[in-house]
Number of protein chains: 2
Amino acid sequence: MRRDVFQAIADPTRRAILTLIAMQAMTPNALAEHFDTSRQAVSKHIKVLTECQLVKQEVSGREIYYHFNPKKMKEVDRWLEPFRNLWEDRFNKLDIVLNQLKKK
Amino acid sequence: MRRDVFQAIADPTRRAILTLIAMQAMTPNALAEHFDTSRQAVSKHIKVLTECQLVKQEVSGREIYYHFNPKKMKEVDRWLEPFRNLWEDRFNKLDIVLNQLKKK
DNA sequence: TATATTTGCAACCAATTAGTAGCACGTAAT
DNA sequence: ATTACGTGCTACTAATTGGTTGCAAATATA
């Protein structure tokens with residue numbers, strides 16, 4: 001089964017889950033209250049996020065708190081890195097050229 | 001049909017296509033030579049990338065050159081932005097605090 | 001004009017996915 | 001001890017996805 005970070009963040013609900021637990025660790029039930037879907041559906045999303053290590057567990061009695069794992073998110077950032085040059089450097093250079101043309 | 005950037009980059013073949021055309025605009029046939037799959041399969045991936053505007057067309061006779069659109073990729077970067085703080089500044093500071101607590 | 005090339009599109013198939021419902025296992029509360 | 005709560009897991013279903021094949025349209029070449 002393919003279980004990489006890119007596939008994990010492809011789902012909007014999972015992205016929302018990540019945003020929520022990045023601010024504060026939460027239990028599946030607490031998370032489910034933020035969405036229109038069932039507790040089980042949220043739990044399945046959490047499973048996907050856990051399997052690709054974007055999320056870590058912290059068991060506390062019968063509750064399980066899920067934490068965001070920033071390290072794993074770095075993978076997306078690393079993949080993005082070479083593309084970033086395309087919209088930063090070259091674009092800035094283009095801006096400079098355009099500004100110089102306007103002055104004339 | 002959901003057609004956003006995150007869903008588009010979820011597929012490894014599509015990510016490879018983006019990497020290739022980011023360096024040089026290419027035709028579907030030229031792209032297909034880089035993969036084990038058929039020309040039509042690559043074409044379907046290109047369609048997905050085009051529909052979410054990660055890729056732009058340039059028609060030249062009966063050939064179509066596909067270009068990478070960096071602007072659209074920014075969306076991923078913007079979503080990543082708040083998380084970036086977690087693995088850079090704040091995370092280092094948290095580590096320092098935790099280490100100091102352990103020493104006591 | 002006749003033929004070959006490049007491509008998009010529609011139909012179809014197998015595999016995967018998101019969601020639901022029900023059950024079982026611990027843990028807490030009465 | 002009994003009941004309620006929080007959770008993961010396993011079918012099951014409907015929708016989506018990645019891939020293939022075949023075809024038609026447009027452009028190039030003989």
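Values reported hereafter were calculated over all heavy atoms of this structure, with side chains retained and with hydrogens, waters and symmetry mates removed. Letters go in sequence order (proteins before strands), and every chain restarts at 1.
Within the 4.0 Å cut-off from OP1 or OP2 of dT7(C), at least one side-chain nitrogen or oxygen of Thr27(B) is found. Within the structure, every side-chain polar atom (N or O) of Gln7(A) is placed at least 4.0 Å from both OP1 and OP2 of dT16(C). Under 4.0 angstrom from either OP1 or OP2 of dT20(D) there lies at least one side-chain N or O belonging to Ser38(B). Remark: Thr37(A) is not in phosphate contact with dG19(C), judged by side-chain N or O atoms under 4.0 Å from OP1 or OP2.
Lys47(A) places its NZ atom 15 Å from the P atom of dT16(C), with the value rounded to the nearest Å. In this structure, Phe6(B) places its CZ atom 15 Å from P of dA18(C), rounding to the nearest Å. Rounded to a whole Å, the CG atom of Asp11(B) is 11 Å from the C1' atom of dG19(D). Straight-line distance from the CZ atom of Arg39(A) to the C1' atom of dA21(C): 11 Å, rounded to whole Å. Atom CG of Leu31(B) is separated from atom C1' of dT7(C) by 13 Å (rounded to the nearest Å). Here dA18(C) presents its P atom at 12 Å from CD of Glu51(A), a figure rounded to the nearest Å. Atom-to-atom, OH of Tyr65(B) to C1' of dG8(C) comes out at 18 Å; the value is rounded to the nearest Å. The CG atom of Asn29(B) sits 15 Å away from the P atom of dA28(D) (whole-angstrom rounding).
Ranking dA4(D), dT20(D), dG8(D) by closeness to the Arg62(A) side chain, first place goes to dA4(D). Of the candidates dA21(C), dG19(D), dG8(C), dG19(D) carries the atom nearest the Ala41(B) side chain, counting heavy atoms from C-beta on. Closest contact between the side chain of His45(B) and the listed nucleotides dT20(C), dG19(D), dT7(C) involves dG19(D). Considering only side-chain atoms of Gln40(A), the nucleotide from dT20(C), dT20(D), dG19(C) that sits closest is dT20(C).
Evaluated for a side chain to side chain contact (heavy atoms under 4.5 Å, CB included) with Tyr66(B), the options Leu49(B), Thr50(B), Leu20(B), Thr27(B) yield exactly one hit, Thr50(B).
When ring centroids are compared, Phe6(B) and Phe6(A) stay outside the 6.0 Å threshold.
Heavy-atom distances to DNA chain C give each of Pro28(B) and Asp36(A) a nearest nucleotide, and the one nearer the 5′ end belongs to Pro28(B). Nearer to the 5' terminus of DNA chain C, by closest-nucleotide assignment, is the contact made by Gln57(B) (compared with the other of Gln57(B) and Ser60(A)).
Tyr65(A) OH: 12 or fewer foreign heavy atoms inside a 6.0 Å radius. Heavy atoms of other residues, nucleotides or ligands lying less than 6.0 angstrom from CD of Gln24(A) number 12 at most.
For the residue pair Ala32(A) and Arg39(A), the shortest heavy atom distance occurs at CB-CA, 3.9 Å.
At a threshold of 4.0 angstrom between heavy atoms, the contacts of Glu63(A) are confined to the sugar-phosphate backbone, with no base atom among them.
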